[in-house]
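As structure tokens, the structure follows; a few thoughts come after it.
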Amino acid sequence: MSGPHPQRGSSFYDRPRMSERYGQRRHGGVASPNTVMEEPALLRELGAVTGLDVLDLGCGDADLGRILLEAGCRSYLGVDGSGAMVERARARLRGSVGRVEHADMEDFTASPAGFDLVVSRLALHYVDDVAPVLASALRWLRPGGRMVFTVPHPVLTCHDARSASGRPRQDWVVDDYFASGPRQREWMGEPVTWHHRTVEDYVRALHGAGFSLTALRECAPHRESFEGNEEEYARRRRVPLFLLLAGARTG
């Protein structure tokens, strides 16, 4: 298995203190849209995982692995190209049967039909070409297995318009939406490359890999997730932040 490519998105999280910034942002309670929007939608889509063998591509700190193992999945393998994130993931899974491998998802290989579920949380937008990743995921799944992934919503990835006031933004500029390709932007105070794709692009890529589309969600917020913070709930209802897609291997 080859190591991570230095120019790929995973190297962003090996910058000084970036993994710590990620942890603070990702696990920020109701202030984190991951916590109140993306994660609830993902867990609802995954449903019962008891007895499943799970592969997590771009696993980050493997928080999802901890959740799924506690929910009864049989095995969990996380894959991430960032050495710093792999360290955090292994620490989070210590004492469990979960494992983590250090590899970019573009290079990772596994035996055919070895998993029931392939998941990727907010990682595929760092990948230049998702087609071979999705094609590999199909091979790694058993018949009837599923691929479920989330990405930043395309209305966010198309254009980076930061708020000049420094206050939490209330809206978003949508521009160059149909021009798929790399976007240079600022993320957690650092420059990074995200690869913009339209909703149609992602659906076409799933179908092209051989999946049958089973779900498309935009991770709308639900009031009960916000612990009574009505202002934050109202703000998060204004703009879609995440896109979730799921596909099944039918053959």
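Please read all numbers here as calculations on a predicted model, not as lab measurements.
In this structure a side-chain-to-backbone donor-acceptor pair under 3.5 Å is present from Thr150 to Leu122. Between the side chain of Arg142 and the backbone N or O of Gly114, at least one donor-acceptor pair lies under 3.5 Å. In this structure, the side chain of Arg139 does not engage the main chain of Pro112 through any donor-acceptor pair within 3.5 Å. The backbone N or O of Gly60 sits less than 3.5 Å from a side-chain atom of Asp80, completing a donor-acceptor pair. Using modelled atom types, one side-chain atom of Asp116 and one backbone atom of Asp53 make a donor-acceptor pair closer than 3.5 Å. A donor-acceptor pair under 3.5 Å links the side-chain atoms of Asp14 to the main chain of Ala84, judged by distance alone. Of the possible polar contacts, one joining the Ser120 side chain to the Leu57 backbone as a donor-acceptor pair under 3.5 Å is found. Not a single donor-acceptor pair under 3.5 Å links the side chain of Asp104 to the backbone N or O of Asp107.
Put simply, the side chain of Pro154 reaches to within 4.5 Å of the side chain of His196, judged on heavy atoms. The shortest distance between side-chain heavy atoms of Val199 and Tyr177 falls below 4.5 Å. Between Thr157 and Arg197 there is no side-chain heavy-atom pair separated by less than 4.5 Å. Within the 4.5 Å cutoff, side-chain heavy atoms of Pro182 are placed close to those of His195. Two residues are said to be in side-chain contact when any heavy atoms from C-beta on lie closer than 4.5 Å; Leu42 and Phe149 fail this criterion. Counting heavy atoms from C-beta on, the side chains of Leu77 and Phe115 come closer than 4.5 Å. Looking at Glu186 and Asp160, their side chains come closer than 4.5 Å, going by heavy atoms from C-beta outward. Side-chain contact check for Arg99 versus Leu93: every heavy-atom pair is 4.5 Å or farther apart.
No hydrogens or angles considered: a donor-acceptor pair under 3.5 Å links the side chains of Thr198 and Asp201.
Nearest approach of Val192 to Trp187, heavy atoms of both residues: CG1-CB, 3.5 Å. Closest non-hydrogen pair, Leu124 versus Val130, comes out as O-CG1, 3.8 Å. Considering all non-hydrogen atoms of both residues, Leu241 and Leu156 come closest at O-CD1, 3.4 Å. In this structure, Gly81 and His102 approach most closely via the heavy-atom pair O-NE2, 3.0 Å. Taking all atoms of both residues into account, the shortest heavy-atom contact from Ala31 to Arg236 is O-NH2, 3.7 Å. Nearest approach of Arg90 to Glu101, heavy atoms of both residues: NH2-CA, 4.2 Å.
Atom CE of Met105 sits about 10.5 Å away from atom OH of Tyr126, to the nearest 0.5 Å. The structure places OG of Ser225 at 9.5 Å from CD of Glu39, a figure rounded to the nearest 0.5 Å. Rounding to the nearest 0.5 Å places CE of Met147 at 12.5 Å from CG of Leu213. In this structure, CZ in Phe12 is found 11.0 Å from CE in Met85, a value given to the nearest 0.5 Å. To the nearest 0.5 Å, atom CE of residue Met18 and atom OG of residue Ser11 are 10.5 Å apart. Rounded to the nearest 0.5 angstrom, Ser82 OG and Arg15 CZ are separated by 11.0 Å.
The aromatic rings of Trp194 and His125 sit perpendicular, their planes meeting at an angle over 60°, well past the 30° parallel limit.
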Derivation of the salt bridge (charged side-chain N to carboxylate O under 4.0 Å, His left out) call for Asp63 and Arg92: CA-CA 7 Å; Asp63 186 58; Arg92 188 169 293 270; 3.1 Å; yes

Begin from the C-alpha positions of Arg235 and Glu231 and carry the test salt bridge (charged side-chain N to carboxylate O under 4.0 Å, His left out) through to its verdict. CA-CA 6 Å; Arg235 186 167 80 92; Glu231 182 178 357; over 6 Å; no

List the steps and the verdict of side-chain contact (heavy atoms from CB on, under 4.5 Å) for Val30 and Thr35. CA-CA 6 Å; Val30 297; Thr35 300; over 6 Å; no

Mind running side-chain contact (heavy atoms from CB on, under 4.5 Å) on Cys158 and Val174 for me, showing each step along the way? CA-CA 7 Å; Cys158 68; Val174 177; 3.9 Å; yes

Walk me through whether Leu69 and Ser96 qualify under side-chain contact (heavy atoms from CB on, under 4.5 Å). CA-CA 8 Å; Leu69 287 165; Ser96 76; 3.6 Å; yes

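If you run side-chain contact (heavy atoms from CB on, under 4.5 Å) between His222 and each of Met37, Arg237, Arg44, only Arg44 comes through.
Val148 and Val133 sit in two unconnected hydrophobic clusters of ILVMFWY residues. Membership requires side-chain heavy atoms under 4.5 Å apart, directly or through other members. Both Val86 and Val54 belong to a single network of hydrophobic side chains, linked directly or stepwise wherever heavy atoms of I, L, V, M, F, W or Y lie under 4.5 Å apart. Residues Leu43 and Phe242 do not share a hydrophobic cluster, defined by chaining ILVMFWY side chains whose heavy atoms lie under 4.5 Å apart. Note on Val119 and Leu55: separate hydrophobic clusters, where clusters join Ile, Leu, Val, Met, Phe, Trp and Tyr whose side-chain heavy atoms are under 4.5 Å apart, directly or indirectly. In the hydrophobic cluster analysis, where Ile, Leu, Val, Met, Phe, Trp and Tyr join through side-chain heavy atoms closer than 4.5 angstrom, Val151 is grouped together with Trp172.
The pair Asp56-Arg121 fails the salt-bridge criterion, with no side-chain N (NZ, NE, NH1 or NH2) lying under 4.0 Å from an Asp/Glu carboxylate O. A salt bridge links Glu200 to Arg204: at least one charged side-chain nitrogen sits closer than 4.0 Å to a carboxylate oxygen.
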Could you tabulate the donor-acceptor pairs under 3.5 Å formed by side-chain atoms of residues 243-250, not counting sequence neighbours?
residue : atom : partner : partner atom : Å
Arg249  : NE   : Gly251  : O            : 3.0
Arg249  : NH1  : Leu138  : O            : 3.4
Arg249  : NH1  : Leu141  : O            : 2.5

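Applying the ring-ring contact (aromatic ring centres under 6.0 Å, His included) criterion to His153, with sequence neighbours excluded, gives no partner residue.
Within the 6.0 Å centre-distance limit, the rings of Phe108 and Trp140 are counted as a close aromatic pair.
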